[in-house]
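Below is one structure; the comments refer to it alone.
A note on names: the letters A, B, ... follow the listed sequences, proteins ahead of strands, and every chain is numbered from 1.
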Amino acid sequence: MLAWYDRHQRVLPWRAREGKAPDPYHVWLSEIMLQQTTVQAVKPYFEGFVACWPTIEDLAKAPLEAVLDRWAGLGYYARARNLHACACKIVADFGGRFPSDEKTLKTLPGIGDYTAGAIAAIAFDKVAAAVDGNVERVISRMRFIDEPLPKAKKAIRAETLALVPDRRAGDFAQSLMDLGATICTVRAPKCGICPWEGVCIAHAKGRMEDLPIKPPKKRKPVRHALAFWLESEGDVLLRRRPAKGLLGGMLEVPSSPWGDEPLDDDAALAHAPNAADWAILEGTVRHTFTHFHFHLKVARAHIRADARPDGLWVPMHDLDGLPTVMRKVAHMVQKQKA
DNA sequence: TAAGCGTGGCA
DNA sequence: TTGCCAAGCTT
């Protein structure tokens, strides 16, 4: 496996260069960003964070709002809140140095079983299992673990830990993930070039794509709301959402409450931030969150600067801090102008 | 244990 | 267009 990794490992911005010691700050930051998120999506965010906050002390000193604004678009915003809390704790309680053992790592906000194992192995070369979705797939196929997830996790973890070598545990952890990402893929795995073809039980049985067995998904309900795009001399009215829950702490375009049924126009307009001359735009912004679909209509109005209601007035050319669903609103408004 | 929590790519 | 799914954690 290590020989395969030496030949085929991916070049990624957070990986240490040949012969260099890994930077625990970079390892941790990348692992948090990579939770449930693709490598391609993470790359620009990782670069942006390191450029803006080169050390964990810099990140700890930053206001939470600045961290959230820079995380905007990456999703799962509790990660950004935990990231900042973790940085503060590392600086305050650990002298700015990451602990190297899994048990202590798991006490830190945003670090669970997988991430603790990944940091211990990759940053400190500790013998530890880092079992993510890739590893679950690779190991359940090779050992033919046909118990459904999440019950299979215990067996998968034990099988993985038994394979971790005494030396280069970090490279081994990354090699499993690279194998899962590039060869042992969800669909159409490339068994013909897999270093484990000869020992993989699922391959021998021709059952690769049946594993791992996952529980059925639930249907997503639809929720509805009307957003209020209020412009004044190049600025738009935004507000910051409550600190926890969906899009917690993120900027948003003010809206009516999000409900199970669409409100009629008059009822929705009663929630507008002021009594301006609102025009409801054609079309609907559609966005899918983790557990529901969202249909958002948009109302638009212009007011003079001296009539601005209280709130956060942001230049329309500076909307980088908006989460994706709100960027879709901005995009729809821009399109209607053209 | 199960539910809440984003987003983008791809079949 | 729709559903599936990716380097999971918290409550």
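Taking the side chain as every heavy atom from C-beta outward, A:W229 and A:V333 approach each other to under 4.5 Å.
With C:dG3, B:dC5, C:dC5 as the choices, the nucleotide that has an atom nearest any side-chain atom of A:H293 turns out to be C:dG3.
At the phosphate of C:dG3, neither OP1 nor OP2 sits under 4.0 Å from any side-chain N or O atom of A:R219. In this structure, A:K151 does not reach the B:dA2 phosphate: none of its side-chain N or O atoms is under 4.0 Å from OP1 or OP2. The phosphate of C:dC5 (OP1 or OP2) has a side-chain N or O of A:K217 nearer than 4.0 angstrom.
If you take CH2 of A:W28 and C1' of C:dG8, they are 16 Å apart, rounded to a whole angstrom. Summarising the geometry, the separation between NZ on A:K220 and P on C:dG3 is reported as 9 Å, rounded to the nearest angstrom. Put simply, NE2 on A:H291 is 18 Å from C1' on C:dC4, counting in whole angstrom units. One interatomic measurement links the two molecules: NZ of A:K153 to C1' of B:dA2, which rounds to 13 Å at whole-angstrom precision. Note: CD (A:E136) to P (C:dG8) measures 8 Å, nearest angstrom. Put simply, CD on A:E31 is 10 Å from P on C:dC9, counting in whole angstrom units. Atom C1' of nucleotide C:dT1 and atom CZ of A:R286 are separated by 10 Å, given to the nearest angstrom. One atom, CG of A:L149, and another, C1' of C:dC5, lie 13 Å apart when rounded to the nearest Å.
Side-chain atoms of A:H291 and A:K220 include no donor-acceptor pair closer than 3.5 Å. Side-chain contact annotation: A:S232 with A:D235, donor-acceptor N/O pair under 3.5 Å absent.
Remark: A:K89 fails to qualify as a cation-pi partner of A:F94 under the 6.0 Å distance and 45° angle criteria applied to the six-membered ring. Annotation: cation-pi geometry satisfied between A:R241 and A:W258 (NZ/CZ under 6.0 angstrom from ring centroid, within 45° of ring axis). A:W313 carries A:R308 over the face of its six-membered ring, with the cationic atom under 6.0 Å from the centre and within 45° of the normal. Geometric assessment of A:R223 against the ring of A:F292 yields a positive cation-pi assignment under the 6.0 Å and 45° thresholds.
As rounded to the nearest Å, B:dG8 and C:dC9 have P atoms that lie 22 Å from one another.
Within residues 105-120 of chain A, the residues approached by DNA chain C to less than 4.0 Å at the level of any non-hydrogen atom are A:L108, A:P109, A:G110, A:I111, A:G112, A:D113, A:Y114, A:T115, in residue-number order.
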Report each atom pair, protein N/O against N/O of nucleotides 7-11 of chain B, whose distance is under 3.5 angstrom.
| residue | atom | partner | partner atom | Å |
| --- | --- | --- | --- | --- |
| B:dT7 | OP1 | A:Y77 | OH | 2.7 |
| B:dT7 | OP1 | A:T324 | N | 2.8 |
| B:dT7 | OP2 | A:H287 | NE2 | 2.6 |
| B:dT7 | O3' | A:T324 | OG1 | 3.3 |

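Taking the six-membered ring for Trp, A:H26 and A:F46 have ring centres closer than 6.0 Å.
Between the side chain of A:Q336 and the backbone N or O of A:E282 there is at least one donor-acceptor pair closer than 3.5 Å.
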